[in-house]
Number of protein chains: 2
Amino acid sequence: MNSKKSSTTDALKWTGTQLQVLDQRVLPEEIRYDNYHDAQGVTEAITSMRVRGAPAIGIAAAYGVVLSVMVHYSENNPNWQQQVKEDIKQLSDSRPTAVNLFWALETMQKTLDAEKGNPIAILETLARKIHSDDIAANHKMGELGAQLLTEAKGVMTHCNAGALATGGYGTALGVIRSAYQQGLRKIYAGETRPWLQGARLTVWELAQEGIASTLIADSAAAWLMKSGAIDWIIVGADRIAANGDVANKIGTYSLSVLAKQHGVKVMVVAPTSTIDWAMTHGEQIEIEQRQAKELLNECYLNDDSLVDAWNPVFDVTPAHLISAIITERGVVLNPAEQNGVRCLQ
Amino acid sequence: MNSKKSSTTDALKWTGTQLQVLDQRVLPEEIRYDNYHDAQGVTEAITSMRVRGAPAIGIAAAYGVVLSVMVHYSENNPNWQQQVKEDIKQLSDSRPTAVNLFWALETMQKTLDAEKGNPIAILETLARKIHSDDIAANHKMGELGAQLLTEAKGVMTHCNAGALATGGYGTALGVIRSAYQQGLRKIYAGETRPWLQGARLTVWELAQEGIASTLIADSAAAWLMKSGAIDWIIVGADRIAANGDVANKIGTYSLSVLAKQHGVKVMVVAPTSTIDWAMTHGEQIEIEQRQAKELLNECYLNDDSLVDAWNPVFDVTPAHLISAIITERGVVLNPAEQNGVRCLQ
């Protein structure tokens with residue numbers, strides 16, 4: 001069961017028969033939930049980025065499987081397993097980089113495979129558990145990460161790794177929330193082009209909880225670091241390789257290189273469901289390329305335009321640029337010196 | 001006299017009685033010239049960023065002084081010199097970072113002080129000369145800079161240092177135009193938040209001349225460098241200190257630190273009017289902070305908002321991160337090893 005009381009920053013609400021998805025494309029102007037009753041709808045909610053953020057995508061997909069069995073399972077339908085399988089395939093094709101999606105779908109599939117009778121109740125229980133475990137993990141990570149910030153003058157985050165990107169509370173923003181409780185006050189957020197997760201989501205989410213923050217252009221981060229205002233960059237992750245390399249929102253690699261040059265530390269906060277044990281190195285991670293239109297003025301969208309765009313929406317930060325990886329199972333300091341994150345396996 | 005034929009990328013057109021300013025705030029959707037008949041108007045055109053770019057601001061200010069004497073000079077007006085002085089003061093307060101503004105105003109003031117009779121003709125001639133000298137300097141710099149790019153696979157530019165930012169042809173884009181003539185084909189432009197000079201102006205200006213380019217999010221530059229696609233970052237400058245430190249659009253410092261870490265070189269292209277000989281170091285340069293509303297969603301513009309913004313629109317790149325400074329008087333390679341740019345004095 002979702003252990004957190006309902007709030008305006010819930011990305012996902014499960015009613016027992018449908019998944020309500022906060023449309024993050026229209027924040028902060030509008031708070032609107034869309035209702036989904038089947039896996040096709042949930043797939044579309046993910047591809048359209050109504051819901052985004054690696055853990056939230058995983059949770060949404062888990063509920064998508066529940067909706068799929070609710071739609072297809074029947075003692076009179078001999079094809080229901082095949083139909084559910086197709087739905088799972090579709091959900092798994094929705095976005096390529098965040099591993100939590102595949103992890104959640106595999107977890108659901110295993111339980112489905114083991115269940116001989118009506119799978120609805122057991123899968124719904126499992127999806128709710130994936131959701132509530134994620135929230136619990138975030139609180140644990142918040143506590144662990146904040147312990148490293150007792151001396152911090154200021155921090156910067158990138159993209160949105162908050163309640164909106166997770167089951168609730170957040171990964172990077174969970175740490176920042178916990179650190180705020182212990183007195184941290186200077187919190188900077190990068191805009192995070194092209195989708196403006198920082199400008200539209202992060203500062204909004206923090207304000208919902210009464211936490212003040214300062215927005216900067218992504219390209220101002222180096223100048224901010226040079227000013228001495230921040231000690232840590234704190235980000236989430238979409239996939240972590242066994243060696244500690246981290247795929248995260250485009251710009252994270254840039255911030256990490258800049259941080260190293262300025263004596264600023266980098267903290268990655270992510271549940272262990274974000275670790276892809278099969279990937280020995282980050283270079284193996286598929287990086288999603290999104291449409292040029294996220295960057296281009298409309299006048300350049302015709303076929304014979306002389307202007308195109310290169311729009312990778314994730315990048316990979318090598319472990320040696322990361323000072324700490326925070327998970328619900330514990331903290332890995334300097335992962336490049338620790339055989340990556342393998343101690344968490 | 002303006003040596004360049006009129007084109008859609010002329011930032012400024014002098015008619016003999018008025019200054020026509022291309023409103024760069026509405027590009028690329030709309031090509032609109034606003035007409036100014038006095039120094040107050042030109043000041044407003046600069047502060048509102050209808051015209052921007054260090055050399056273009058300097059040229060506009062020079063024409064602003066011509067308009068001022070046209071308005072105030074009269075044998076029957078004993079106060080005209082004082083009124084022109086006030087106009088020059090106003091023009092000089094329009095923006096703080098680009099030194100070309102102050103250089104152009106001082107140049108005009110000196111000639112004004114030396115002229116005992118009607119100053120209109122001589123000042124108009126001087127303003128036209130400042131304009132045409134800038135264009136000639138750009139062509140010279142284009143040639144000099146392109147000589148360093150004969151082996152380049154790809155280049156990236158930031159902000160707009162093109163015809164739109166100068167008298168014509170451009171500084172950084174002048175070099176890129178010249179290099180295009182000799183075969184360079186991969187040209188990347190950063191969006192350049194918050195004002196999107198790259199996304200709105202640079203790719204448009206290049207397309208006007210049939211040159212293809214690829215737009216990227218500012219925070220994708222490090223990932224682009226890591227991919228090996230570019231050998232050079234090529235930018236303009238708003239002010240260069242005697243030691244070779246360079247103030248330029250926010251994000252230039254970031255790109256320069258990242259370039260150093262990726263074996264990518266940094267080229268700064270600027271006329272010598274951009275050099276502030278009085279500044280021994282870049283740290284002395286005043287950095288303009290612009291309004292938070294350039295970054296913030298409207299809902300955060302109220303007084304009790306928990307969200308604010310930090311919006312420095314320039315930064316300073318230390319000379320040791322710069323591989324070449326290109327001026328019309330010659331090229332300074334590795335300025336940190338050459339006593340800055342003092343050899344150009």
Side-chain angles (χ1 to χ4, degrees), chain A residues 28-29 158 188-194 196 199-200 203-204 206-207 210-227 229 249-258 260-262 287 292 294-300 305-316, chain B residues 28-29 158 188-194 196 199-200 203-204 206-208 210-224 226-227 229 249-258 260-262 287 292 294-300 305-316:
Chain A
E29 286 86 357
H158 185 61
Y188 293 88
E191 285 192 294
T192 319
R193 287 285 299 160
L196 295 170
R200 295 193 305 105
V203 297
W204 177 79
L206 290 171
I211 301 176
S213 63
T214 302
L215 188 67
I216 67 167
D218 297 322
S219 72
W223 195 235
L224 181 70
M225 292 184 208
K226 189 155 192 290
S227 80
K249 182 55 52 198
I250 187 73
T252 304
Y253 170 66
S254 177
L255 289 172
S256 301
V257 173
L258 293 166
K260 186 70 124 191
Q261 297 306 312
H262 291 88
I287 298 297
E294 291 184 356
L295 288 165
L296 291 182
N297 192 292
E298 255 182 55
C299 62
Y300 300 123
S305 170
L306 285 170
V307 183
D308 68 359
W310 183 65
N311 189 22
V313 292
F314 300 98
D315 57 26
V316 177
Chain B
E29 287 85 358
H158 185 62
Y188 293 89
E191 285 193 295
T192 318
R193 287 285 299 161
L196 295 169
R200 296 193 304 105
V203 297
W204 177 79
L206 290 171
Q208 296 303 302
I211 302 176
S213 63
T214 302
L215 188 68
I216 68 168
D218 297 323
S219 72
W223 195 235
L224 180 70
K226 189 155 191 292
S227 79
K249 182 55 50 195
I250 187 74
T252 304
Y253 170 66
S254 177
L255 289 172
S256 302
V257 173
L258 294 166
K260 186 69 127 194
Q261 297 305 309
H262 290 87
I287 298 298
E294 290 185 357
L295 288 165
L296 292 182
N297 192 292
E298 255 184 53
C299 62
Y300 300 124
S305 170
L306 285 169
V307 183
D308 68 1
W310 183 66
N311 189 22
V313 292
F314 300 97
D315 56 27
V316 176

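Chain naming here is simple, since letters A, B, ... match the order of the sequence lines and numbering starts at 1 in each.
- Residue contact with chain B, scored on non-hydrogen atoms closer than 4.5 Å, is absent for A:Val313.
- With contacts defined as side-chain heavy-atom distances shorter than 4.5 Å, the pair A:Arg193/B:Asp218 does not qualify.
- The two atoms that bring B:Ala220 and A:Trp310 nearest to each other are O-CZ3, 3.7 Å, heavy atoms only.
- Taking 4.5 Å as the limit, every side-chain heavy atom of B:Trp223 sits out of range of all side-chain heavy atoms of A:Phe314.
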Q | Chi angles and distances behind the side chain to side chain contact (heavy atoms under 4.5 Å, CB included) call for B:Glu29, A:Asn297 | A | CA-CA 9 Å; B:Glu29 287 85 358; A:Asn297 192 292; 2.9 Å; yes
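- Between chain B and the options A:Gly251, A:Cys299, A:Gly190, A:Ala221, heavy-atom pairs under 4.5 Å are most frequent for A:Gly251.
- For chain A, no part of B:Asn311 is nearby; none of its heavy atoms comes within less than 4.5 Å.
- For the pair B:Leu215 and A:Leu296, the minimum side-chain heavy-atom distance is below 4.5 Å.
- Neither the backbone nor the side chain of A:Glu294 comes within contact range of chain B; no heavy atom of the residue lies under 4.5 Å from a heavy atom of that chain.
- Among the candidates A:Ile211, A:Leu295, A:Thr252, A:Ile216, the residue making the largest number of heavy-atom pairs closer than 4.5 Å to chain B is A:Leu295.
- Among all heavy-atom pairs drawn from A:Ser254 and B:Ser219, the shortest one is CB-O, 3.9 Å.
- Taken from CG in B:Leu224 to CG in A:Asp315, the straight-line distance is 12.0 Å, to the nearest 0.5 Å.
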